[in-house]
Amino acid sequence: MSESPLILIQSLRKRHSPDFELSIQSLHVDAGDVLCLLGPTGSGKSTLLRLLSGLDRPDSGDVRFDNQSVFAAAPDVTRRIVTVSQRPQLLSDTVRSNVEYGLKVRGHRERAANVDAALKQCRLTTLASRDCRTLSGGQMQLVALARALVVEPDLLLLDEPTANLDPAHVELVEEIIRESCAARQLTVILATHNLFQARRLANRVALILDGSLVETAVTADFFDRPTDSRTSAFIEGRMIY
């Protein structure tokens, strides 16, 4: 861990129902990390992402982003965090209008160059004038990704971004994520249940089961030298859930 990680979780608890509580005592994410959160559906990955973004508030504990509490930070701090969901909500408008939306709400006046660059990066230039209601699921996810990247966030949160996509669009989304990380020190936290995707993208991997953080390690150690038997069982497909 660096002296001052970009993200620091401390004694975080969030109860959603009498039967489920997310409880993470400690987790750090350094600037430039690509951290994959692995775990089955319902394990708490999406809950954690909502807390990291500040969309939900915990029952106790804190999430610190760049040494400030996400839950008390000024808007100019939290706007450095952007989320892309599994099923993005797009405006009933053109691809270009959707991509520039994040810039508009942030008050940026000079938008054309940024939007053009994001469209190009996400392979959407030829679709810029298309109505988003006519797009395929994979194309819609690319629009959501472009809308997130155009504002140049410091932290990108991805919640199962390729779960419903065909293999070609999965490969494209992953390629764009890698390109974005290589271009600047973008930090990515990606929730997925796809072991292969975690191997391909992450430099660190964390396993969450039943609302608890089981193990966190650099990718090679996580998959090849896990220290927890539950991690081994999950990786080898022996865990029934």
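Being a predicted model, the structure only gives us computed values, none of them experimental. Just so you know, these numbers use all the heavy atoms, side chains as well, and skip hydrogens, waters and symmetry mates.
Pairing each heavy atom of V84 with each of A148, the nearest pair is CG2-CB, 3.6 Å. The shortest non-hydrogen separation linking C122 to I176 is CA-CD1, 3.6 Å. Between L27 and R204, the shortest heavy-atom distance links the atoms CD1-NH2, 4.4 Å. Closest of all the heavy-atom pairs between P161 and L165 is O-CD1, 3.7 Å. Residues Q86 and A163 approach most closely at NE2-CB, 3.6 Å, considering heavy atoms. Taking every heavy atom of both residues into account, P153 and R184 meet most closely at O-NH2, 2.6 Å.
Inter-residue side-chain proximity for T216 and V205 is flagged as unmet; no heavy-atom pair is nearer than 4.5 Å. With a 4.5 Å cut-off on side-chain heavy atoms, L149 and V82 do not count as touching. Residues K120 and V115 form no side-chain contact, since every pair of their non-hydrogen atoms from C-beta on lies 4.5 Å or further apart. At a threshold of 4.5 Å between non-hydrogen side-chain atoms, the residues P40 and H193 do not count as touching. Using a 4.5 Å cut-off on side-chain heavy atoms (C-beta onward), I235 and F222 make contact. Side-chain contact between V95 and S129: absent, with no pair of heavy atoms (C-beta onward) separated by less than 4.5 Å. Contact check for I9 versus H28: no side-chain heavy atoms found under the 4.5 Å cut-off. T227 is listed as a side-chain neighbour of E215, based on a closest heavy-atom distance under 4.5 Å.
Using modelled atom types, no side-chain atom of K45 and backbone atom of E160 make a donor-acceptor pair closer than 3.5 Å. Remark: side-chain polar atoms of S23 are not paired, donor with acceptor, to backbone N or O of R13 under 3.5 angstrom. For N203 (side chain) and V34 (main-chain N/O), a donor-acceptor pair under 3.5 Å exists by modelled atom type. The closest donor-acceptor contact from the side chain of N98 to the backbone of L91 lies under 3.5 Å. Put simply, the side chain of S212 never gets that close to the backbone of V214: no donor and acceptor are under 3.5 Å apart. Within the 3.5 Å criterion, the main-chain N or O of L35 finds no donor-acceptor partner in the side chain of D33. Looking only at distances, no side-chain donor or acceptor of E21 sits under 3.5 Å from a matching main-chain atom of K14. In this structure, S43 contributes its side chain and G211 its backbone to no donor-acceptor pair below 3.5 Å.
At most 12 non-hydrogen atoms from other residues, nucleotides or ligands lie less than 6.0 angstrom from CD of E171. Heavy-atom contacts from other residues, nucleotides or ligands closer than 6.0 Å to CZ of F71 number more than 12. Counting non-hydrogen atoms of other residues, nucleotides and ligands closer than 6.0 Å to CZ of R15 gives a total above 12.
Under 3.5 Å, the side chains of D62 and S69 contain a donor-acceptor pair of N or O atoms. For the residue pair Q141 and T162, no side-chain donor N or O sits within less than 3.5 Å of a side-chain acceptor on the partner. A side-chain donor-acceptor contact under 3.5 Å links S97 and T94. Remark: the E179 side chain and the Q121 side chain contain no N/O donor-acceptor pair separated by less than 3.5 Å.
Note: R200 CZ to T192 OG1 = 9.0 Å, rounded to the nearest 0.5 Å. The CZ atom of R64 lies 10.0 Å from the CG atom of D66; values are rounded to the nearest 0.5 Å. One finds the CD atom of Q89 at 12.0 Å from the SG atom of C132 (value rounded to the nearest 0.5 Å). Between the OG atom of S53 and the CG atom of L156 there is a distance of 12.0 Å, given to the nearest 0.5 Å. Within the model, atoms CG of L207 and CG of L213 stand 8.0 Å from one another, a figure rounded to the nearest 0.5 Å. The structure places CE of M140 at 9.5 Å from OG1 of T134, a figure rounded to the nearest 0.5 Å.
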Problem set entry | Working for side chain to side chain contact (heavy atoms under 4.5 Å, CB included), residues L195 and L38 | CA-CA 7 Å; L195 299 174; L38 280 176; 3.5 Å; yes
Problem set entry | side chain to side chain contact (heavy atoms under 4.5 Å, CB included) evaluation trace for I177 with V173 | CA-CA 6 Å; I177 293 169; V173 168; 4.0 Å; yes
For this session: Determine, stepwise, if the pair Q197 / L201 fulfils side chain to side chain contact (heavy atoms under 4.5 Å, CB included).
Result: CA-CA 6 Å; Q197 186 167 74; L201 288 178; 3.9 Å; yes
For this session: Report the C-alpha separation of L37 and L48 in whole Å, then their side-chain angles, then the decisive distance to 0.1 Å, and conclude whether the side chain to side chain contact (heavy atoms under 4.5 Å, CB included) test is met.
Result: CA-CA 9 Å; L37 305 175; L48 178 56; 3.8 Å; yes
Exercise. Passes salt bridge (Lys or Arg N to Asp or Glu O under 4.0 Å), D116 versus R96? Steps please.
Worked result: CA-CA 9 Å; D116 288 341; R96 173 176 285 276; 2.5 Å; yes
For this session: Check the pair R230 / D210 against salt bridge (Lys or Arg N to Asp or Glu O under 4.0 Å), numbers first and verdict last.
Result: CA-CA 12 Å; R230 292 168 294 177; D210 298 323; over 6 Å; no
Problem set entry | Test side chain to side chain donor-acceptor pair (under 3.5 Å) applied to S26 and Q10, step by step | CA-CA 5 Å; S26 179; Q10 301 170 313; over 6 Å; no
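A salt bridge between D224 and R199 is present, with a side-chain N of the basic residue lying under 4.0 Å from a carboxylate O of the acidic one.
L52 and F20 fall within the same hydrophobic cluster, defined by Ile, Leu, Val, Met, Phe, Trp and Tyr side-chain heavy atoms under 4.5 Å apart, directly or through other members.
Both tests do not hold together for R80 against F65: distance to the six-membered ring centre under 6.0 Å, angle to the ring axis within 45°.
Among I81, V29, L158, the single residue meeting the side-chain contact (heavy atoms from CB on, under 4.5 Å) criterion with I189 is V29.
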